[in-house]
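The structure appears right after this line, and notes come after that.
Each ligand, and each atom within it, is numbered from 1 in the order the structure gives. The figures that follow rest on heavy atoms only: side chains count, while hydrogens, waters and symmetry mates do not.
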Amino acid sequence: LDLSGQINGQQFEHLFLNASGVHCQSTTELDDLLNHPAVGGIVTKSATLEKRDGNPAPRYYELADGSINSMGLPNFGYDYYIDYVKQSHAKPTILSVAGLSAADDVQLLHQIQASDYAGLTELNLSCPNVIGKPQMAYDYAGTEALLKEIFAFFKKPLGVKLPPYFDLVHFDQIAAVLNQFPLTHVNTINSVGNGLWVDVASESVVIKPKGGFGGLGGRMVLLTALANVRALRQRLNDSIKIIGTGGVKTGADVFAHILCGAELVSVGTQLQVEGLSVYDRLTTELSRIMADKGYHSLSDFRGKLKTI
Ligand SMILES: C=Cc1c(C(=O)O)[nH]c(=O)[nH]c1=O
């Protein structure tokens, strides 16, 4: 079976990546992912200019049907991650970056442009957990202005990580902005921002930052993730590929993401819960579904969701 995809001509022999933030903060974790046969490529934890400790713990909590997190962008800083992705790796790498401001974003991309890194970069426009900072991608004019400034000097492959949208007009608006730029890909969705879990027994929230508000992931966000992959596939130029992220727990979920138009699929919460063996299980389950349907490659059904 051909389970490959490609972004900007870079071949991912296997469709699976990690969701940025999960199992990707240290070089040891990144090596673990890259060395796993059922992983096709990796995304780093979003890097900020300087190393960050992030928010106070508890800042991640596993729920029956997903997760809530308010990590606060803990990472070892830009230099740590550019040094890692600059090395030659057997599989494609995506360097994720997240400034704490538009000016930071521009600075980070200037540094990447000046480096000899030639791989993929993903600008995270959707971190919901930096206290006091809005999710840039909900500001359409701000996103357009930022991307205009970036593409005036950034000549390397660039994609963006988006938050979920919940209104067809918003899909139209963000697509109208993104279609103006030579983006290699869009990674959708980031966590569903500012959910709240209440533990009834203790009558308390379960994470410390922001009074318990955090980004939602896992099975509970699958329907929103599928909607965002599908809506953006229907609206974005064909040259902009989509990495489907959000809610993947089974091979059927992966199949659904591809049907909606995803080129590749990321696993976040379920990777956190199950470990690297999740990729072997998902590969087995996806392969079985494809074989039952007589499909030999992802391109046999990618983007071919039927309507009724
Ligand atoms: C980069 C910060 C993010 C974080 C975080 O570090 O809190 N959590 C998410 O669910 N998504 C993010 O984009």
When clusters are formed from ILVMFWY side-chain contacts under 4.5 Å, directly or step by step, what else is grouped with Leu100?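 Leu73, Val130, listed by chain and number.
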Could you state whether Val192 and Phe213 fall into the same hydrophobic cluster, counting links through intermediate Ile, Leu, Val, Met, Phe, Trp or Tyr residues with side-chain heavy atoms under 4.5 angstrom apart?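 Hydrophobic grouping puts Val192 apart from Phe213.
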Run through ligand 1 for me and note each protein residue having a heavy atom under 4.0 Å from it, chain first, then residue number.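 These residues qualify: Lys45, Ser46, Asn69, Ser70, Met71, Gly72, Leu73, Pro74, Asn124, Cys127, Pro128, Asn129, Asn190, Ser191.
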By the ring pair (Phe, Tyr, Trp, His ring centres under 6.0 Å) test, which pairs, at least two apart or in different chains, include something from residues 261-288?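 Qualifying pairs, neighbours excluded: Phe16-Tyr279.
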Tell me which donor-acceptor pairs under 3.5 Å the side chains of residues 38-46 have, and how far apart each pair is, sequence neighbours excluded?
{"residue": "Thr44", "atom": "OG1", "partner": "Ser96", "partner atom": "N", "Å": "2.9"}
{"residue": "Ser46", "atom": "OG", "partner": "Ser96", "partner atom": "OG", "Å": "2.7"}
{"residue": "Ser46", "atom": "OG", "partner": "Asn124", "partner atom": "ND2", "Å": "3.1"}

Gln87 atom CD: more than 12 heavy-atom contacts under 6.0 Å: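 Counting neighbours around CD of Gln87, more than 12 heavy atoms of other residues, nucleotides or ligands fall under 6.0 Å, so yes.
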Quick one: do Glu263 and Arg302 make a salt bridge, cutoff under 4.0 Å?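 Yes, this pair counts.
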